[in-house]
Amino acid sequence: MFSAISSLVAPFNDRLADKAQSNHFRDALVISRKQHALSPSETQHAIFNYMPSWITMLMRLRNRLVKLLGFKVGQANFTTSKTELEVGDQAGFVTVLEKFADEIICGAEDRHMHFYISVRLDTNSIIVSTLVNKKTLLGKAYVNAILPFHYVISRVVINSARKAGRI
């Protein structure tokens with residue numbers, strides 16, 4: 001189903017590696033790059049600005065549930081009207097933290113965890129990496145509970161962008 005997407009094995013040798021704390025979850029997915037003119041910010045937009053509606057509905061449900069547990073919630077997606085983001089810009093529920101010629105790093109933080117997502121471009125591939133530093137027992141339980149959803153949703157969103165020719 002997701003044969004165009006591969007999982008990378010740690011170490012990932014990227015800028016997120018320095019942000020990992022002792023209690024964290026980390027993964028990275030790679031897909032071939034067809035749209036070589038896109039910047040990392042434009043690539044992030046091409047992937048995450050077009051989430052299927054069922055994913056947005058799941059994220060809204062997630063927001064309602066975790067808000068009761070003290071998690072910070074925001075938009076249910078990464079939607080933004082800008083394709084070229086700058087440090088400090090919002091892309092849905094994440095904020096652009098760092099921007100380089102080959103990578104954009106966004107994040108969101110609350111008392112339970114610090115979430116990062118990176119979109120990095122290599123010559124012929126796109127690497128989408130996730131890092132979650134779990135701060136509390138509740139943060140750890142939450143991450144463990146959503147991992148099956150993360151596995152499917154991350155691949156669906158990347159694969160949708162590939163099939164639509166956006167990346």
Side-chain angles (χ1 to χ4, degrees), residues 1-10 12 14 16 24-67 71-85 89-97 102-108 110 112-122 124-134 139-167:
M1 186 164 161
F2 305 113
S3 60
I5 301 169
S6 301
S7 293
L8 295 179
V9 179
F12 302 115
D14 63 10
L16 285 187
H24 70 275
F25 163 77
R26 183 74 198 276
D27 73 351
L29 301 173
V30 64
I31 189 165
S32 63
R33 184 176 172 196
K34 305 287 187 221
Q35 302 293 337
H36 291 274
L38 296 180
S39 70
S41 178
E42 291 167 323
T43 303
Q44 174 178 302
H45 184 272
I47 295 170
F48 295 108
N49 215 58
Y50 303 91
M51 286 207 216
S53 60
W54 66 269
I55 292 175
T56 301
M57 288 189 319
L58 274 178
M59 292 298 289
R60 285 184 185 133
L61 176 61
R62 170 243 177 237
N63 285 353
R64 281 191 218 116
L65 296 173
V66 301
K67 187 176 183 176
F71 285 84
K72 182 179 166 186
V73 298
Q75 282 184 245
N77 55 39
F78 282 57
T79 303
T80 178
S81 59
K82 294 170 60 174
T83 58
E84 195 58 53
L85 298 169
D89 284 347
Q90 288 290 129
F93 69 90
V94 296
T95 303
V96 178
L97 303 175
D102 66 336
E103 184 175 24
I104 187 166
I105 298 172
C106 297
D110 65 24
H112 299 294
M113 61 186 185
H114 197 156
F115 168 81
Y116 298 94
I117 188 159
S118 160
V119 175
R120 185 167 51 99
L121 305 179
D122 281 348
N124 293 311
S125 60
I126 301 166
I127 299 107
V128 179
S129 302
T130 304
L131 167 66
V132 183
N133 288 322
K134 300 172 269 185
K140 185 176 183 177
Y142 168 78
V143 171
N144 290 339
I146 62 104
L147 281 179
F149 297 97
H150 170 78
Y151 180 89
V152 172
I153 290 170
S154 59
R155 285 159 177 79
V156 165
V157 171
I158 294 168
N159 196 51
S160 291
R162 178 192 65 82
K163 287 171 74 175
R166 294 190 305 269
I167 58 173

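FYI, side chains are in, hydrogens and waters are out, and symmetry mates aren't considered; it's all heavy atoms of this structure. Here the structure is a predicted model, which is why all the values come from computation and not from measurement.
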Within the distance-only criterion (no hydrogens, no angle test), does the side chain of [X] pair as donor or acceptor with the backbone N or O of [Y] below 3.5 angstrom?
X      : Y      : answer
Ser41  : Leu85  : yes
Asp110 : Met113 : yes
Gln35  : Gly165 : yes
Ser160 : Ile47  : no

Where [X] and [Y] come nearest, the two heavy atoms and their spacing:
X      : Y      : answer
Cys106 : Leu97  : C-CD1, 4.0 Å
Ala46  : Ala161 : O-CB, 3.6 Å
Ser7   : Leu29  : OG-CD2, 3.6 Å
Ser39  : Glu84  : OG-OE1, 2.7 Å
Arg166 : Tyr50  : NE-CD1, 3.3 Å

Taking atom [atom1] of [X] and atom [atom2] of [Y], what is their separation to the nearest 0.5 Å?
X      : Y      : atom1 : atom2 : value
Ser125 : Ile127 : OG    : CD1   : 4.0 Å
His45  : Leu38  : NE2   : CG    : 11.0 Å
Tyr116 : Thr130 : OH    : OG1   : 13.0 Å
Arg155 : Ser6   : CZ    : OG    : 9.5 Å
Leu131 : Ile105 : CG    : CD1   : 9.5 Å
Thr43  : Asp102 : OG1   : CG    : 11.0 Å

Kindly indicate, with the supporting measurements, whether the criterion side chain to side chain contact (heavy atoms under 4.5 Å, CB included) is fulfilled by Arg120 and Ser129. CA-CA 8 Å; Arg120 185 167 51 99; Ser129 302; 5.7 Å; no
Hey, mind stepping through Ile146 and Phe25 against side chain to side chain contact (heavy atoms under 4.5 Å, CB included) and telling me if it holds? CA-CA 11 Å; Ile146 62 104; Phe25 163 77; over 6 Å; no
Mind telling me whether Phe115 and Phe93 have parallel, tilted or perpendicular rings, with 30° and 60° as the class edges?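 Phe93 and Phe115: tilted rings.
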Fit a plane to each ring of His112 and Phe71, take the angle between them on a 0 to 90° scale, and name the class: parallel (under 30°), tilted (30 to 60°) or perpendicular (over 60°).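 Geometry flag for Phe71 against His112: tilted rings.
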Non-hydrogen side-chain atoms of [X] and [Y] separated by less than 4.5 Å:
X      : Y      : result
Asn49  : Gln44  : no
Phe2   : Val156 : yes
Tyr142 : Arg62  : yes
Ile126 : Leu121 : yes

Before you tell me yes or no, could you show the steps for Asn159 and Arg162 under side chain to side chain donor-acceptor pair (under 3.5 Å), namely the whole-Å CA-CA distance, both residues' side-chain angles and the distance that decides it to 0.1 Å? CA-CA 5 Å; Asn159 196 51; Arg162 178 192 65 82; 3.0 Å; yes
